[in-house]
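Each remark here refers to the structure printed beneath this line.
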Amino acid sequence: MEITANNPNRKSWLEVAENSDFPIQNIPFGVFITKDDIITIGTRIGDYAIDLGALHQLGYFEGIPLTDDIFLQDSLNDFIADGRKTWRLVRNRIADIFDATKGGLRDHKEHRAEIIFRMDEIEMLLPVNVGDYTDFYASKEHATNVGSLFRDPENALMPNWLHVPIGYHGRSSSIIPSGTPIRRPLGQTRPAEGTNTPGFGPSKLLDFELEMAFITTASNHLGERIPIEEAEEYIFGMVLFNDWSARDIQAWEYQPLGPFLGKNFASTISPWIVTLDALEPFRTDNPEQVHEPLPYLQVDGKKSYDIHLQVGIQPEGKEETVVANSNFKYMYWTMVQQLAHHTVNGCNVRSGDMMGSGTISGPTKDSYGSMLELTWRGQNPLSMNDGTERKFINDNDTVIMRAHCENDTVRIGFGDCVGKVLPAIEFEK
């Protein structure tokens with residue numbers, strides 16, 4: 001089925017700023033609450049949120065096989081479970097409805113009042129009920145940097161890393177939408193030199209992790225795998241992802257079973273899911289892999305995407321400082337390889353599951369995706385525009401992540417992924 005929504009010549013009758021992340025060619029999906037306290041599934045064009053529940057009830061999806069309540073829910077899980085054919089039909093129809101040459105909704109004042117809201121009139125919520133969340137460790141540059149910092153730089157990558165997408169299962173309950181503040185976590189830290197008693201208190205090495213994440217649909221039964229050539233059919237879309245990390249807590253706890261309290265306190269996502277269909281024009285060559293992967297991980301065709309990434313830190317009441325510029329195309333293991341590996345043992349994947357890419361770092365120092373790397377474990381503090389320095393993230397700092405794709409004809413963005421760090425809540429000993 002043709003993706004007519006991607007027509008780069010299409011214009012909307014809604015006003016869209018020239019450098020908007022959300023032109024009519026994007027049509028992402030999300031969940032929001034209106035000023036009347038109604039929760040609905042929607043999309044966005046320019047600075048307007050579009051109520052798909054109202055659009056459906058008023059008959060604008062006639063001819064597409066949708067249940068009456070498909071958009072009258074507090075998550076996208078059921079819509080995602082309908083599969084790629086439905087996603088594409090709906091997205092193509094939305095593009096037609098809001099096309100500058102189509103007058104149906106444009107010329108119906110009463111319907112417009114029920115369907116269209118300014119972004120400042122609504123509040124974004126989590127787009128999916130994340131049943132399971134897996135975080136990969138799929139950037140070669142990041143894994144090499146971390147291995148160099150904590151092990152032998154000559155043997156920075158573990159022997160398995162170049163053969164298998166490494167991942168761990170994270171905590172889905174603490175995934176939060178952009179704009180939600182986080183509390184600095186408490187936890188145990190490595191004993192001070194000369195003692196055997198661990199430290200305890202607020203993390204002193206709070207960090208961001210620049211990631212993307214993809215959202216899956218229901219795809220396989222327990223005991224079955226997803227062949228890599230089919231994996232793309234089961235990926236609904238992507239979000240920008242800040243997987244906060246307490247480096248000092250993690251350093252003490254992660255052996256022998258991996259991340260725990262250093263990672264599970266908060267993970268922030270951008271609230272609009274940008275579909276793989278919208279990203280189709282931005283496919284790019286897959287990274288060259290050192291070893292030929294095993295057959296179940298071998299990729300045919302371009303499965304990487306050219307997505308520009310940026311991170312800024314804004315001290316409270318001060319100007320933002322951009323600290324990193326990177327790109328999703330640097331990922332060594334692609335999304336289809338990650339999903340194929342995740343299920344090769346028969347693990348079943350469900351609608352709304354989320355797979356984090358792991359920290360995305362590029363080949364240059366300014367493209368590293370964490371403060372751990374940018375400051376080289378605090379040895380090289382970053383200068384902020386207000387004259388202060390950062391080794392890691394301070395209380396009341398706001399971390400702002402951005403992502404977009406752009407070519408000669410269209411720009412597709414994800415919106416901001418924002419989180420402010422609040423001081424820890426300590427308790428009496």
Side-chain angles (χ1 to χ4, degrees), residues 21-22 26 28-33 39 41-44 49 74-77 79-80 119 122-136 138 167-183 207-217 235-245 259 263-276 278-279 305 307-312 326 328 331 335 338-339 349-360 369-370 393 398-405 412-421:
D21 278 351
F22 302 100
N26 192 337
F29 292 90
V31 175
F32 60 83
I33 184 168
I39 296 176
I41 288 171
T43 188
R44 176 175 177 176
D74 60 3
S75 83
L76 280 156
N77 292 54
F79 175 65
I80 294 172
M119 286 301 299
I122 59 101
E123 178 186 350
M124 297 303 299
L125 305 176
L126 271 180
V128 290
N129 178 14
V130 183
D132 281 301
Y133 151 52
T134 299
D135 194 33
F136 285 93
Y168 73 93
H169 290 278
R171 181 73 182 176
S172 61
S173 66
S174 54
I175 295 172
I176 52 178
S178 175
T180 307
I182 72 157
R183 286 282 177 187
D207 203 353
F208 65 79
E209 290 191 354
L210 173 61
E211 302 191 26
M212 302 290 293
F214 66 88
I215 311 296
T216 68
T217 185
I235 299 174
F236 176 62
M238 300 178 68
V239 293
L240 186 54
F241 185 47
N242 181 357
D243 194 20
W244 300 92
S245 183
K263 299 291 294 181
N264 71 2
F265 58 95
S267 300
T268 305
I269 68 170
S270 54
W272 294 107
I273 304 175
V274 177
T275 63
L276 283 197
L279 297 174
Y305 296 86
I307 305 174
H308 302 279
L309 306 170
Q310 185 179 85
V311 185
S326 195
F328 185 69
M331 300 303 298
M335 291 185 289
Q338 291 169 4
L339 187 54
V349 173
R350 296 175 294 185
S351 177
D353 284 356
M354 192 174 88
M355 314 284 178
S357 63
T359 304
I360 303 166
S370 66
I393 306 301
T398 298
V399 176
I400 305 162
M401 295 182 176
R402 303 180 180 91
H404 76 276
C405 309
I412 301 293
F414 290 76
D416 293 353
C417 180
V418 178
K420 181 177 181 178
V421 177

Practice prompt. First locate atom CE of Met401, then atom CG of Asn242, and finally report the distance between them rounded to the nearest 0.5 Å.
Written response: 3.5 Å

Worksheet item: Nearest 0.5 Å, what's the CZ-OG1 distance between Phe29 and Thr275?
Response: 6.5 Å

Item to complete: With side-chain contact (heavy atoms from CB on, under 4.5 Å) as the test, would you mind laying out the steps for Leu309 and Met212 before giving the verdict?
Response: CA-CA 9 Å; Leu309 306 170; Met212 302 290 293; 3.7 Å; yes

Worksheet item: Measuring from His169:NE2 to Asp132:CG, what's the distance to the nearest 0.5 Å?
Response: 7.5 Å

Worksheet item: Can you tell me if Ser178 uses its side chain to pair, donor with acceptor, with the backbone of Pro271 under 3.5 Å?
Response: no

Worksheet item: Can you name the side chain to side chain contact (heavy atoms under 4.5 Å, CB included) partners of Ile175, sequence neighbours left out?
Response: Leu126, Val130, Tyr133, Ser172, Ser267, Ile269, Met354

Discussion item. Is it the case that the side chain of Glu209 and the backbone of Ser370 share a donor-acceptor pair, with hydrogens and angles ignored and the cut-off at 3.5 Å?
Written reply: no

Discussion item. Closer than 3.5 angstrom, by distance alone: can the side chain of Thr217 be matched with the main-chain N or O of Ile80 as a donor-acceptor pair?
Written reply: yes

Worksheet item: Can you find a pair of side-chain heavy atoms, one from Thr216 and one from Ser351, that are under 4.5 Å apart?
Response: no

Discussion item. So, taking the atom named CD1 in Ile39 and the one named CD1 in Ile122, what distance separates them when rounded to the nearest 0.5 Å?
Written reply: 12.0 Å

Practice prompt. Given side-chain contact (heavy atoms from CB on, under 4.5 Å), test Thr268 with Phe241 step by step and report yes or no.
Written response: CA-CA 6 Å; Thr268 305; Phe241 185 47; over 6 Å; no

Discussion item. Rounded to the nearest 0.5 Å, what separates atom CZ in Phe22 from atom CE in Met119?
Written reply: 7.5 Å

Discussion item. Has Asp21 got a side-chain atom pairing as donor or acceptor with Gly415's backbone, closer than 3.5 angstrom?
Written reply: yes

Practice prompt. Using salt bridge (Lys or Arg N to Asp or Glu O under 4.0 Å) as the criterion, list what pairs up with Arg171, not counting sequence neighbours.
Written response: none

Worksheet, complete the sentence: On a heavy-atom basis, the closest approach of Gly358 and Met331 is O-CE, 4.4 Å

Practice prompt. Could you go through the side-chain contact (heavy atoms from CB on, under 4.5 Å) check for Val274 and Met238 one step at a time?
Written response: CA-CA 5 Å; Val274 177; Met238 300 178 68; 5.5 Å; no

Worksheet item: Looking at Ser174 and Asn264, what are the two nearest heavy atoms and their distance?
Response: OG-O, 2.7 Å

Practice prompt. Would you name the heavy atoms of Ile273 and Pro127 that are closest together and state the gap between them?
Written response: CD1-CB, 3.8 Å

Practice prompt. Over 60° means perpendicular and under 30° means parallel, so classify the ring planes of Tyr305 and Phe328, tilted if in between.
Written response: tilted

Item to complete: Mark yes or no for whether Ser270, through its side chain, and Cys417, through its backbone, hold a donor-acceptor pair below 3.5 Å.
Response: no

Worksheet item: Do Met124 and Trp272 come close enough that some side-chain heavy atom pair is under 4.5 Å?
Response: yes

Practice prompt. Please report the closest heavy-atom contact between Phe208 and Trp244, naming both atoms and the distance.
Written response: CA-CE3, 4.5 Å

Worksheet item: Who passes salt bridge (Lys or Arg N to Asp or Glu O under 4.0 Å) against Asp243, sequence neighbours left out?
Response: Lys263

Worksheet item: Taking only residues two or more places apart in sequence or in another chain, which ones pass salt bridge (Lys or Arg N to Asp or Glu O under 4.0 Å) with Arg183?
Response: none

Worksheet item: What residues, two or more places apart in sequence or in another chain, satisfy salt bridge (Lys or Arg N to Asp or Glu O under 4.0 Å) together with Asp353?
Response: none

Discussion item. Distance check, rounded to the nearest 0.5 Å: Met355 atom CE versus Met335 atom CE?
Written reply: 12.0 Å

Worksheet item: If you look at every heavy atom in Leu339 and Phe214, which pair is closest and at what distance?
Response: CB-CZ, 4.3 Å

Fill in: Heavy-atom closest contact (Pro177 atom, Leu125 atom, distance)
CB-C, 4.2 Å

Discussion item. Could you work out, with side chain to side chain contact (heavy atoms under 4.5 Å, CB included) as the rule, every residue matching Thr398, not counting sequence neighbours?
Written reply: Gln314, Ile400, Val418, Lys420

